[in-house]
Amino acid sequence: MFRDTLKIVYNRYLKKITMSSFRHGESLIGILFVTPVVLYFLIFLLYPVLGALYYSFTEWNMRTRPVWVGLWNYKHLLFDRINYPYFWHSLGVTAKYTGIAVPLSFVTALVLALLINAVQRGQDFFKVAFYLPVITAGAAVATMWRWIYDPLYGLLNIGLKAVGLQPQRWLGEPRMIIPALAIISAWQCGFAMIVFLAGLASIPSRLYEAAEIDGAGAWQKFRYITLPMLKPTTFFLLVTGLIAAFQVFDIVYVLFRTGGGTIGGPGQAGLTYVLSLFDHAFRYYEMGIACAMSFILFVIILIVTCLQFRFVPQSYE
Amino acid sequence: MVRLSKYWLCKRLVLYIALLIIAILMVSPFVWMISTSLKNGPDVFTPIPTLFPINQKTGNIYVTLENYHYVLVKKGFAIAFFNSLIVVGIVIPLKLFFDALGGYAFARIPFPGRDKLFLLLLSSMMVPGIALLIPRVYITKVLGLYNSLWGLIIPMSVSVFDVFLLRQFFLTLPRELEEAAMIDGASRLRIFIQIILPLSRPVLAVVTITSFIWHWNDLIWPLVIINTPSRYTLPLALALLTSGQSHKPHLTMAGAAIATIPILIVFLIFQKHILKGIALTGLKM
Amino acid sequence: MSFKRFVGLTVLLVVGAILTTTLAAFGASIDFWIYEPSGPAGEALEQLRADFEALSPGNTVNIIPIPKGDFNTKLNTAIAVGEVPDASYLDQPLVAQFVEDGLLDPVPEGRIDESIFYQGALNTNRVEGILYGLPLTQTCTAIYYNKDLVPDIPETWDELIQVAEEVYDPDKQIAAFGFSWGHYGGGWGAWLWHSFVAASGGQLLDEENQVVSFAEQPVIDALQLWVDLLAYSPFEVIESENSFQTGHVAMMISGPWEIGGLRESWPDLNWGVALIPRKAEADFGTNIGGDNGVVYAASENKGLAWAWLKFLTLAEPNVVLSRDVMGNFPINLTVAKGDWLAGDEALGAFMEQMKYAQTRPRVKEWLKINDEILGAALSEALGGEKTPTEALNDAAEKVKQLLGW
């Protein structure tokens with residue numbers, strides 16, 4: 001009670017005067033507060049980033065001293081089709097994956113969130129159930145999906161045959177691989193779903209009530225209230241989702257690497273950029289090339305992120 | 001009235017059926033993981049995965065805990081579990097404190113060059129980690145942390161992603177709270193600990209759960225830092241099991257289940273907070 | 001106060017460290033890095049260690065198991081920051097590279113009796129005439145066949161095609177020939193296919209004369225054979241998980257690591273192992289793989305490290321290491337022929353096949369050529385985009401440019 005009164009008095013009369021006097025010494029406290037984070041950043045992030053930048057200008061197999069080669073790595077990655085035949089291919093694979101997986105996961109997450117939001121009972125159960133794919137062990141996920149995609153016994157092909165459609169070689173035919181991977185990523189959309197749920201929960205219910213009084217139907221409420229109010233959520237998920245999709249690695253590694261299988265799947269159709277980067281680092285021992293690839297990707301992600309900040313609506317104003 | 005209620009019931013029913021079908025799709029690998037971990041070797045491989053451990057010869061349903069016993073005792077899972085608990089138990093409080101402290105300053109306390117510094121921090125998230133691995137191991141060794149559990153803790157004690165998330169959250173807290181406290185003569189640190197942190201419980205829960213999943217599952221860092229089997233963490237033990245016994249899913253799934261269940265518990269405890277937490281950050285960037 | 005405490009603590013630590021080192025000097029200790037044993041009993045390795053320590057009192061061997069898929073990541077990261085073990089496993093093709101980088105200690109003169117080794121396996125450790133490691137186990141690929149589907153084992157390629165034609169049954173979804181892990185092409189497929197190149201009488205590279213022999217007739221024939229086999233082996237059958245084990249695939253090419261799983265998890269399958277069929281006018285052939293043991297130049301206990309590696313190559317320990325620990329084959333000639341097989345038909349067939357092993361090319365770019373050029377050529381030919389001749393000609397052209405030959 002007292003605090004509230006104080007707050008009102010303070011806001012009305014004293015705010016401007018006191019705030020200026022607080023500024024003194026504030027800078028120092030601010031710097032003090034960020035010191036642990038900055039120290040960590042300098043030691044465990046900036047130093048490694050600069051180190052990797054240096055290595056990107058060297059030839060280095062990690063066992064001898066790096067040899068300075070200037071821009072050789074960058075030039076050859078971009079233009080040398082003999083030594084680095086899969087550079088542009090892997091970039092294309094990643095772009096295709098990002099283009100399919102990000103929207104697909106988005107829509108799935110939103111639909112799931114809307115479904116959960118629409119029921120009163122059992123919300124917690126469905127929340128946990130839909131989040132389970134995120135925490136289930138990778139090996140179990142891979143085994144299960146290899147079965148679902150199995151050409152003879154797989155759930156998907158059994159289903160397709162039942163409705164009279166042609167069975168597919170989901171993990172066998174190069175053109176099917178990226179869609180197959182994207183489906184798995186949509187299935188693992190638990191995090192985005194929960195963010196959407198939170199976004200939905202933060203929409204004031206009086207907006208819907210007002211709309212109902214005006215005679216709005218379910219679709220209109222969704223179109224003119226829910227969607228616009230979810231813009232900040234969508235923006236956050238788009239930025240982080242794209243960064244994650246550009247660096248996708250785990251799903252392919254788990255599906256195609258187990259037990260020494262093919263590296264990027266049939267026809268290298270699943271050879272994503274970061275998977276190829278990993279191979280250059282620890283299979284072909286070309287750390288300099290791997291570091292150069294990292295910085296090329298860094299520039300791409302930076303540009304895409306800046307474009308998003310510039311052109312994607314971030315809030316509902 | 002009656003018609004409306006019937007329509008309403010129908011709608012509910014369709015909704016729940018849809019939700020249940022999706023839930024089955026989402027939960028089945030988890031269920032398969034658990035059920036396989038309870039099977040004997042010859043009953044594991046069936047063209048179509050079975051939901052319960054069924055003896056393929058007699059058709060009887062059974063359960064065996066032998067795989068768990070084997071994995072815990074013979075494959076070092078007990079020690080690895082303990083090591084993982086220590087590491088995660090120290091990393092997460094440390095990280096929560098540092099990240100929140102930094103995130104608070106970046107959100108609220110102006111100092112010269114603050115926003116540029118923040119952008120610099122953010123851009124470090126965009127370089128793939130594989131390139132940073134060796135310099136990070138090197139600096140860890142220089143600091144004398146190589147091949148020790150501290151080497152798994154200190155180099156993981158701050159996360160830029162979390163600083164970012166926490167900053168967004170602190171930006172949405174009403175300023176009046178702090179200013180009122182300042183009039184009472186409270187210091188910034190006191191405000192941070194007594195007012196800001198308690199208010200941030202929800203978002204701290206988000207950081208806790210995501211960090212927990214991340215550190216609990218992280219394989220590559222312990223792999224390159226630890227050279228002594230008695231200091232191996234759970235993901236290393238699991239990777240050893242998977243690489244050595246890949247043709248025995250009943251064993252690897254018992255290992256995977258042991259590794260996953262703590263995550264499930266943490267998620268169950270914190271999931272209510274997570275909802276509130278994300279709602280409060282407002283996610284305005 | 002706190003500074004004093006800090007100094008006090010440091011002094012204590014230093015004294016402690018000196019004490020421990022002095023005490024340790026009475027007996028040496030080495031770190032030995034291995035990949036996680038994949039054989040039926042990981043405990044067998046512990047027994048070997050105990051046996052060795054009993055023979056060499058006061059000395060300790062610390063066995064550090066590392067997940068196989070991450071072994072090279074771990075090893076190279078450690079080397080990059082100057083933390084090498086005393087001794088470790090090393091993939092055969094990496095020995096030459098590690099020697100070139102000055103990391104390995106040569107086998108001390110007169111330390112071993114070279115005549116007890118399989119020469120093929122031993123020579124994977126030889127660089128310019130000098131031995132830099134000891135072979136510990138070896139492996140190769142052969143043909144697994146389903147005895148219920150294939151009554152007569154094919155010996156030549158013509159017979160193989162004939163058998164394939166007979167067993168192929170689209171209605172029952174039975175395919176003639178499969179590759180383990182389902183997928184064709186790629187780096188893994190290229191490694192398996194090398195066995196058929198060896199059985200065609202051809203080779204991939206002629207390193208002495210710097211000739212890329214991809215596009216020579218025997219090699220082209222080896223790829224044509226796989227293309228022909230595919231006509232009787234529909235993708236949707238051979239790409240199914242465990243398709244050999246479920247009885248859908250009559251023959252598959254793979255290594256001895258399948259044996260344990262087949263016996264334990266598929267007790268009802270009636271299977272056998274046979275030599276890889278050869279081209280009519282050629283001798284048998286297969287590829288070779290396996291694990292070598294090396295000692296690092298930076299080790300402070302090289303003597304103990306070599307003693308340990310030598311111990312692992314002795315008759316009895318080598319049988320235990322290869323059969324029980326790694327699921328591979330001994331490299332010690334005196335036992336390899338002996339009765340350790342105990343009438344095991346499958347192991348016997350592999351042992352026979354091993355005699356015809358052809359080492360893989362030793363140029364340091366090989367892994368990359370294998371994955372990115374040869375693997376791609378295989379995918380193109382098997383996927384029907386190019387004929388085997390076209391695919392291999394194009395690949396040969398690329399390899400010539402890459403190697404500058």
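In this text, all values refer to a predicted model and were calculated from it rather than measured experimentally. Residue numbers begin at 1 in each chain, while the letters A, B, ... track the order of the sequences.
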May I ask you to name which of [options] has the most heavy-atom pairs under 4.5 Å with chain A?
options: I213(B), L268(B), I109(B); result: I109(B)
options: V27(B), L264(B), L19(B), T140(B); result: L19(B)
options: L120(B), V142(B), V160(B), L133(B); result: L120(B)
options: A105(B), P128(B), A256(B), S157(B); result: P128(B)
options: Y16(B), F98(B), F106(B); result: Y16(B)

If you take all heavy atoms of [X] and [Y], which pair is closest and at what distance?
X: M125(B); Y: Q247(A); answer: O-NE2, 3.8 Å
X: P36(A); Y: L101(B); answer: CG-CD2, 4.5 Å
X: A52(A); Y: P135(B); answer: N-CG, 4.3 Å
X: P48(A); Y: R136(B); answer: CG-CG, 3.4 Å
X: S294(A); Y: V127(B); answer: CB-CG1, 4.3 Å

Residue part contacting chain B, namely of [X], when any heavy atom lies under 4.5 Å:
X: Y273(A); value: neither
X: M62(A); value: side chain
X: V299(A); value: neither
X: F44(A); value: both
X: L302(A); value: both
X: F246(A); value: neither
X: F130(A); value: both
X: S56(A); value: neither
X: A118(A); value: both

Could you go through I135(A) and F212(B), starting from their C-alpha distance and side-chain angles, then the distance that decides it, and tell me whether this counts as side-chain contact (heavy atoms from CB on, under 4.5 Å)?
CA-CA 11 Å; I135(A) 66 176; F212(B) 188 87; over 6 Å; no
Does any heavy atom of chain A fall under 4.5 Å from the side chain of [X], the backbone, both, or neither of them?
X: L189(B); result: both
X: A259(B); result: neither
X: R114(B); result: neither
X: L143(B); result: side chain
X: F97(B); result: neither

Kindly say whether L25(B) contributes a backbone atom to a donor-acceptor pair with the side chain of W187(A) at under 3.5 angstrom?
yes
With distance as the sole test, does Y40(A) use its side chain to make a donor-acceptor pair with the main-chain N or O of P155(B) at under 3.5 Å?
yes
May I ask you to name which of [options] has the most heavy-atom pairs under 4.5 Å with chain B?
options: F298(A), F249(A), Y55(A); answer: F298(A)
options: T136(A), L152(A), V274(A); answer: T136(A)
options: I301(A), V141(A), V119(A), I29(A); answer: V119(A)
options: L115(A), T305(A), I300(A); answer: L115(A)
options: L237(A), I43(A), L297(A), I243(A); answer: I43(A)

Between [X] and [Y], is any pair of side-chain heavy atoms under 4.5 Å apart?
X: I130(B); Y: F282(A); answer: yes
X: F192(B); Y: F33(A); answer: yes
X: M33(B); Y: M144(A); answer: no
X: T210(B); Y: F191(A); answer: yes
X: S27(A); Y: P112(B); answer: yes

Could you check whether the rings of F267(B) and Y131(A) sit parallel, tilted or perpendicular, using 30° and 60° as the cut-offs?
parallel
Test log, rule side-chain contact (heavy atoms from CB on, under 4.5 Å), inputs F111(B) and E26(A):
CA-CA 7 Å; F111(B) 57 86; E26(A) 281 277 284; over 6 Å; no
Within a reach of under 6.0 Å around CZ of F41(A), are more than 12 heavy atoms found that belong to other residues, nucleotides or ligands?
yes
Do other residues, nucleotides or ligands put more than 12 heavy atoms under 6.0 Å from the CZ atom of R190(B)?
no
Yes or no on side-chain contact (heavy atoms from CB on, under 4.5 Å) for W32(B) and W147(A), after CA distance, side-chain angles and deciding distance?
CA-CA 12 Å; W32(B) 180 82; W147(A) 166 62; over 6 Å; no
